[in-house]
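Residues: numbered from 1 along the sequence shown.
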Amino acid sequence: MLDIPAQPSDQGDSPAAAHYTADFLRVKGLADRGVPTAQHSLGFMYASGQGVAQNFELAVAWYRMAASAGLELAQYNLGVMFQKGQGVAQDYGQAAYWYRRAASQGYAPAQYNLGWLYAKGQGVPNDVQQALQWFSQAADQGEPGAQHNLGMMYETGKGVPQDVDAATMWYRRAAEQGYARSQFSLALRSDGDAALQWFGKAAEQGYAPAQFNLGLRYDKGQDVDQDSSRAVLWYGRAAEQGHVSSQFNLALMYDSGHGLPRDEALALEWYRRAANQGHAGAQDNLGVRYEHGQGVARDPVQAAHWYLQAAEQGMPSAQYHLAQLFDAGMGVANDPEQAVEWYRKAAGQGHLRAQFDLGLRYEGGIGVARDEAQALEWYRRAAHQDYAPAQYMVGALLDRAEHGNPVEATDWFHKAADQGHALAQFELGLRHDCGKGIERDYEAAHFWYLCAARQGHARAQFNLGVMYSAGQGVQRDLVQAYGWLQRAGGAGVGAAAGYLKKIAARMEPQLLAQAQAAL
């Protein structure tokens with residue numbers, strides 16, 4: 001029998017013995033007489049702190065005695081202690097040794113754990129076939145963890161031919177025993193009520209990915225009526241376990257106030273918790289809050305810190321935000337070249353504003369050598385995403401002599417003008433007015449000048465005044481002409497003053513008073 005160092009709390013004739021339970025004393029008496037089952041039970045008591053102070057070293061000692069006598073449950077528990085490093089130095093080789101002795105006696109949990117060690121190559125060579133062998137033996141005895149792992153092996157074709165039906169069968173066998181991971185796997189392979197049922201079973205057991213997915217369905221109204229309160233409930237349960245996507249989604253819900261009262265403080269808290277776990281979206285959102293002082297003191301340095309964390313993970317919006325800080329020298333040193341690099345990374349991932357801003361930099365030679373061809377390329381990418389300012393810039397570049405495509409330029413101006421872009425509306429009016437790249441059409445020119453003028457475009461206001469004065473493309477109306485020219489003059493168009501004098505001289509005093517009163 002193994003010699004165990006005596007301790008004050010382990011001596012039957014000490015005053016401390018009076019605090020032991022009768023069950024502990026009975027088991028210890030049998031263990032001292034060499035009964036393996038009692039030795040194992042005593043080890044379990046020490047390991048769990050049941051009826052005695054928890055002591056992993058003594059647990060290992062008693063497990064070892066029972067294990068050496070061939071008791072498979074003790075061999076298994078001794079393997080667990082070596083695997084976890086409880087009461088002994090962590091030693092996967094010793095864990096595998098004791099698991100194998102128990103597994104060879106048909107003990108399913110030991111077969112399952114031994115399979116895991118082979119799958120991971122811990123303490124034994126990485127060997128998929130050995131893992132499959134031990135998982136199979138444990139699964140046939142109903143061990144749900146082994147059944148789940150077999151399901152994964154069939155699903156991925158690892159060590160066996162890929163077989164989705166076999167994978168589903170093993171997942172179902174484990175799920176029907178209440179194994180949460182298998183319930184979750186079945187839910188992912190199901191639709192409608194069946195998916196909700198399996199998600200629910202796994203979620204109720206505290207399985208965070210299932211809780212997240214259940215929250216997502218209530219959040220989006222997928223297969224169930226939309227219910228923000230239940231979404232918050234399930235996201236919250238998973239979030240408290242550290243499930244980072246749940247933390248982020250919970251932050252979004254509190255941030256938007258979708259279906260529940262908006263709470264900026266709670267949104268910030270959950271963004272921060274997710275950001276600290278490396279969630280790029282949360283880091284970007286946290287950066288926005290520090291940049292603009294939303295719920296926190298404005299701090300561009302902190303904003304740059306969080307944008308950088310997300311940008312280095314490849315998040316395009318964070319890369320764009322970081323580029324803007326380098327452009328402005330906020331929270332970081334002003335560095336146009338660094339700005340261009342981050343704009344480029346975001347633009348390459350399809351970020352619309354980054355593509356447009358990169359075009360601006362190539363056109364103006366800011367932080368990069370001036371290159372109109374590159375500018376046009378990036379403007380085009382943003383323009384194809386229906387971004388009106390980019391559509392206008394494509395038109396403007398194509399309109400230049402070196403590019404020489406007024407027809408295509410007109411088409412892009414039209415796309416931007418249809419979206420309400422004032423500069424494009426003016427250009428389109430001008431083209432109809434002059435017949436450049438399009439058939440001359442004074443009525444169309446009047447229409448587009450009017451659209452731009454109503455948005456405050458000064459030259460459009462001036463041209464509109466001239467057209468009303470001359471009755472060109474519209475019925476002659478000196479009151480309208482006077483009004484638009486007055487607005488253009490007030491906006492700084494110098495030629496408007498001369499036209500106003502000429503028009504005023506042609507107007508009856510009553511009509512002039514009417515025009516002036518309308519301003």
(message) Within this structure, what is the CD-OH distance for the pair Gln147 and Tyr179, rounded to the nearest 0.5 Å?
(response) 10.0 Å
(request) Give the minimum heavy-atom separation between His258 and Gln226, together with the two atoms involved. (result) NE2-NE2, 3.5 Å
(message) Give me the atom names and distance for the closest heavy-atom approach of Ala96 to Val124.
(response) CB-CG1, 3.6 Å
(message) Considering only residues two or more places apart or on different chains, which pairs with a residue in residues 328-339 satisfy side-chain hydrogen bond (donor to acceptor under 3.5 Å, both in side chains)?
(response) none
(request) Let me see the working for Trp412 and Tyr392 under side chain to side chain contact (heavy atoms under 4.5 Å, CB included), right down to the final yes or no. (result) CA-CA 6 Å; Trp412 282 110; Tyr392 170 75; over 6 Å; no
(request) For this output row, return yes or no: ring centroids of Tyr499 and Phe462 closer than 6.0 angstrom. (result) yes
(message) Testing the 3.5 Å rule here: is there a donor-acceptor pair between the side chains of Glu291 and Gln324?
(response) no
(message) For Gln54, give me all partners under side chain to side chain contact (heavy atoms under 4.5 Å, CB included), at least two apart in sequence or on another chain.
(response) Phe56
(message) Going by the rule side chain to side chain donor-acceptor pair (under 3.5 Å), which residues pair with Asn149 if we only count those two or more places apart in sequence or in a different chain?
(response) none
(request) Quick one: list whatever passes salt bridge (charged side-chain N to carboxylate O under 4.0 Å, His left out) with Asp255, sequence neighbours left out. (result) Arg262, Arg289
(message) Among residues at least two apart in sequence or on other chains, which ones pass salt bridge (charged side-chain N to carboxylate O under 4.0 Å, His left out) with Lys436?
(response) Asp399
(message) Contact between Trp234 and Phe212 at the side-chain level, heavy atoms closer than 4.5 Å - yes or no?
(response) no
(message) Working to the nearest 0.5 angstrom, can you tell me the gap between His414 NE2 and Asp411 CG?
(response) 8.5 Å
(message) So, applying side-chain hydrogen bond (donor to acceptor under 3.5 Å, both in side chains) with Gln211, which one of Gln241, Arg237, His243 is it?
(response) Gln241
(message) side chain to side chain contact (heavy atoms under 4.5 Å, CB included) for Leu216 and Asn249? Distances and angles first, verdict last.
(response) CA-CA 8 Å; Leu216 195 61; Asn249 283 14; 3.7 Å; yes
(message) What I'd like to find out is whether the side chain of Asp219 reaches to under 4.5 Å of the side chain of Val232, using heavy atoms alone.
(response) no
(message) Run His421 and Leu428 through side chain to side chain contact (heavy atoms under 4.5 Å, CB included) and show every step you take.
(response) CA-CA 11 Å; His421 194 278; Leu428 205 52; over 6 Å; no
(request) Any chance you could measure Leu196, atom CG, to Arg217, atom CZ, to the nearest 0.5 Å? (result) 6.5 Å
(request) Mind running side chain to side chain contact (heavy atoms under 4.5 Å, CB included) on Phe248 and Trp270 for me, showing each step along the way? (result) CA-CA 6 Å; Phe248 179 64; Trp270 287 112; over 6 Å; no
(request) Please name all residues satisfying side chain to side chain contact (heavy atoms under 4.5 Å, CB included) with Phe447, sequence neighbours left out, ordered by chain then number. (result) Cys451
(request) Mind checking the CZ-CG spacing from Arg353 to Leu360? Nearest 0.5 Å is all I need. (result) 9.0 Å
(message) Can you list everything that forms a side chain to side chain contact (heavy atoms under 4.5 Å, CB included) with Gln309? Sequence neighbours excluded, please.
(response) Gln283, His305, Trp306
(request) Could you tell me whether the side chains of Tyr99 and Gln83 share a donor-acceptor contact shorter than 3.5 Å? (result) yes
(message) So for atom OH, which belongs to Tyr207, do other residues, nucleotides or ligands contribute more than 12 heavy atoms lying within a distance under 6.0 Å?
(response) yes
(request) Would you please indicate if the ring centroids of His148 and Tyr171 are separated by under 6.0 Å? (result) yes
(request) I would like to know whether Tyr468 and His446 meet side chain to side chain donor-acceptor pair (under 3.5 Å); could you show each step before the answer? (result) CA-CA 9 Å; Tyr468 274 113; His446 169 267; 3.1 Å; yes
(request) Decide yes or no on ring pair (Phe, Tyr, Trp, His ring centres under 6.0 Å) for Tyr320 and Tyr343, but give the supporting numbers first. (result) CA-CA 6 Å; Tyr320 175 72; Tyr343 281 133; 5.7 Å; yes
(request) Locate the shortest heavy-atom distance separating Pro316 from Ala346; write the atom from each residue and the value. (result) O-CB, 3.4 Å
(message) Do the side chains of Glu341 and Lys345 get close enough for a salt bridge, i.e. N-O under 4.0 angstrom?
(response) no
(request) Determine which pairs satisfy side-chain hydrogen bond (donor to acceptor under 3.5 Å, both in side chains) with at least one residue from residues 189-204, sequence neighbours left out, and list them in order. (result) Glu155-Arg189
(request) Applying ring pair (Phe, Tyr, Trp, His ring centres under 6.0 Å), name anything that partners Tyr387, two or more places apart in sequence or on another chain. (result) Phe356
(message) Restricting to side chain to side chain contact (heavy atoms under 4.5 Å, CB included), what partner residues turn up for Gln455, sequence neighbours left out?
(response) Ala422, Gln425
(request) Just jot down the salt bridge (charged side-chain N to carboxylate O under 4.0 Å, His left out) partners of Arg230, sequence neighbours excluded, or say none. (result) none
(message) Distance alone, cut at 3.5 Å: any donor-acceptor contact between the side chains of Tyr379 and Glu363?
(response) yes
(message) To check you understand the geometry: which heavy-atom pair defines the closest contact between Asn126 and Ala119, and what is its length?
(response) ND2-O, 2.8 Å
(message) If I compare all heavy atoms of Ala390 with all of Ala382, which pair ends up nearest, and what's the gap?
(response) CB-CB, 3.5 Å
(message) Which heavy atom of Leu450 sits nearest to which heavy atom of Leu464, and what is that distance?
(response) CD1-CD2, 3.5 Å
(request) Supply the atom-to-atom distance Asn285 CG to Ser317 OG, rounded to the nearest 0.5 angstrom. (result) 8.0 Å
(request) Could you grab the distance from atom CZ of Arg361 to atom CZ of Arg344, nearest 0.5 Å is fine? (result) 12.0 Å
(request) Mind checking side chain to side chain donor-acceptor pair (under 3.5 Å) for Gln122 and listing every partner two or more places apart, or none if nothing turns up? (result) none
(message) Under a 3.5 Å threshold, yes or no: a donor from one side chain and an acceptor from the other, between Gln374 and Asp371?
(response) no
